Amino acid sequence: MPQQNREIVNAVSLKNLTVKFGNQTILNTINLDLAEKEFLGIIGPNGGGKTTFLKTIMGFITPSAGSVSIFGKTPKDSGGTIGYVPQYSTFESHFPVNVTDVIKMGTYTSKVSKVIIDSLIDDILKKTRLSHLAKRQVSELSGGEKQRVLISRALAVQPKILILDEPTASIDYESNINFFEILKELNKDITILLVSHDIGVISRYVKKIACLNRELHYHDSKEISQETLEAVYKCPVDLIAHGVPHRVLETH
């Protein structure tokens, strides 16, 4: 008997998504279909709506028009599907919490046994290269190590989608590269949606790039034309070098 073709359900699907705060339009008629295990990088100027975009996908903000679908469900009905790493997350410098304790925070709603949770955490520590720091106080970690702890906490919910908002804004270049190498490995199993200003670095690791400034410019690839960037950033672009960690803009 011939196999029937199964309907493909996208990890994220946005249809005519619009978000307004009062009379101000923050996101304007956005359409996007993001396949499972995709790795999408989103770039765009400050104030262009990137964080609002992520929060709307996660269900923290209700659209003014249009719809959001997460694996065919509304954000409200897709609990546990998304792991989130925010733009800024601070740890109280003297609070006595170690790496394992922070990761366990992501399992607080889990009803499985302690043995299973401990096994899950061990696996996450290996994936994020933190096993040797499992009992280290978070206050003693570098910026890059803290970011890996935050990813680990997000992974503790066993998400199908990992969303990151400017996760490398405060870490050095070497830690940045290490961070993206980890994401590349994680992407073998989960969908990743990441906002960043670092065009050069993300273009080496993501599969697709979109530009957002109230409207989304997405062409299902990571090649970005000069015209698209000028339209998004509202300034002349002289050169964008994919795979090279720098960019050059004309005087503006």
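Model, not experiment: these values are computed from the prediction. If you read the sequence from its start, that first residue is 1, and numbering goes on from there.
- Counting only heavy atoms from C-beta outward, the side chains of Ile177 and Arg204 approach each other to under 4.5 Å.
- Salt-bridge annotation for Glu36 and Lys160: absent, with no side-chain N of the basic residue lying under 4.0 Å from a carboxylate O of the acidic one.
- In summary, the side chains of Asn187 and Lys207 do present a donor paired with an acceptor at a separation below 3.5 Å, with no hydrogens or angles considered.
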Side chain to side chain contact (heavy atoms under 4.5 Å, CB included) between Thr52 and Leu27: does it pass, once the steps are laid out?
-> CA-CA 8 Å; Thr52 298; Leu27 301 174; 4.0 Å; yes
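- Counting heavy atoms from C-beta outward, Val19 and Thr62 have side chains that stay 4.5 Å or more apart.
- Ring geometry for Phe60 against Tyr84 counts as perpendicular: the plane angle is over 60°, on a 0 to 90° scale with 30° as the lower cut.
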Leu125 vs Val99, side chain to side chain contact (heavy atoms under 4.5 Å, CB included): CA-CA, chis, key distance, verdict = CA-CA 9 Å; Leu125 287 167; Val99 170; 3.9 Å; yes
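- Although no hydrogens or angles enter the test, the distance criterion places no donor-acceptor pair under 3.5 Å between the side chain of Thr18 and the main chain of Ala65.
- We find the CG-CD distance between Asn176 and Glu174 to be 11.0 Å, quoted to the nearest 0.5 Å.
- The closest donor-acceptor contact from the side chain of Lys50 to the backbone of Glu166 lies at 3.5 Å or more, if one exists at all.
- Arg153 places no side-chain N or O within 3.5 Å of a backbone atom of Lys104 that could act as its donor or acceptor partner.
- No side-chain heavy atom of Tyr205 sits less than 4.5 Å from a side-chain heavy atom of Leu194.
- Put simply, CG on Leu212 and CZ on Phe53 are 6.5 Å apart, with the number rounded to the nearest 0.5 Å.
- Heavy atoms only, all atoms of each residue included: Pro63 and Thr56 are closest at CG-CG2, 3.9 Å.
- Thr25 has its side chain out of reach of Arg214: every pair of non-hydrogen atoms, C-beta onward, lies at least 4.5 Å apart.
- Heavy atoms only, all atoms of each residue included: Tyr218 and Ile209 are closest at CD1-O, 3.9 Å.
- With hydrogens and angles ignored, the 3.5 Å screen pairs no side-chain donor or acceptor of Asp118 with any backbone N or O of Ile121.
- Smallest separation of non-hydrogen atoms from Ala11 and Thr191: CB-OG1, 3.7 Å.
- No donor-acceptor pair closer than 3.5 Å links the side chain of Thr29 to the backbone N or O of Asn16.
- The two residues Ile70 and Ser78 make their nearest non-hydrogen contact at CB-OG, 3.7 Å.
- A salt bridge does not link Lys126 to Asp122: none of the charged side-chain nitrogens sits closer than 4.0 Å to a carboxylate oxygen.
- With Gln147 contributing its side chain and Pro167 its backbone, the two residues share a donor-acceptor pair below 3.5 Å.
- There is no side-chain donor-acceptor pair under 3.5 Å between Gln137 and Asn98.
- Around the NZ atom of Lys208, the shell of radius 6.0 Å holds more than 12 heavy atoms that belong to other residues, nucleotides or ligands.
- In terms of heavy atoms, Leu120 sits closest to Ala156 at CD2-O, 3.6 Å.
- A distance of 8.5 Å separates CG in Leu14 from CG in Leu34, rounded to the nearest 0.5 Å.
- From Ile192, atom CD1 reaches atom CG of Leu183 across 5.0 Å, with rounding to the nearest 0.5 Å.
- Proximity of Lys135 to Thr100: side-chain heavy atoms (C-beta onward) are separated by under 4.5 Å at one or more points.
- The OG atom of Ser139 sits 7.5 Å away from atom CG of Leu141, with the distance rounded to the nearest 0.5 Å.
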Candidate pair Asn31 and Leu17, rule side chain to side chain contact (heavy atoms under 4.5 Å, CB included), full reasoning | CA-CA 7 Å; Asn31 290 281; Leu17 179 70; over 6 Å; no
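- The hydrophobic clustering, which links ILVMFWY residues whose side-chain heavy atoms are closer than 4.5 Å, places Val115 and Ile103 apart.
- Side-chain contact between Val195 and Thr51 is absent, with no heavy-atom pair separated by less than 4.5 Å.
- Lys15 has a carboxylate O that lies under 4.0 Å from a charged side-chain N of Asp33, or vice versa, which qualifies the two as a salt bridge.
- Heavy-atom neighbours of Lys55 NZ from other residues, nucleotides or ligands within 6.0 Å: at or below the threshold of 12.
- The side-chain heavy atoms of Val12 and Ile161, taken from C-beta on, include a pair separated by under 4.5 Å.
- With Thr74 contributing its side chain and Asp77 its backbone, the two residues share a donor-acceptor pair below 3.5 Å.
- The minimum heavy-atom distance between Ile82 and Val157, with the atom names listed, is O-CG2, 4.1 Å.
- Remark: the backbone N or O of Lys20 is paired with a side-chain donor or acceptor of Ser64 at under 3.5 angstrom.
- Annotation: the span from Leu216 atom CG to Ile30 atom CD1 amounts to 5.5 Å, rounded to 0.5 Å.
- Side-chain contact check for Asn178 versus Arg129: some heavy-atom pair is nearer than 4.5 Å.
- A side-chain donor-acceptor contact under 3.5 Å links Thr128 and Ser152.
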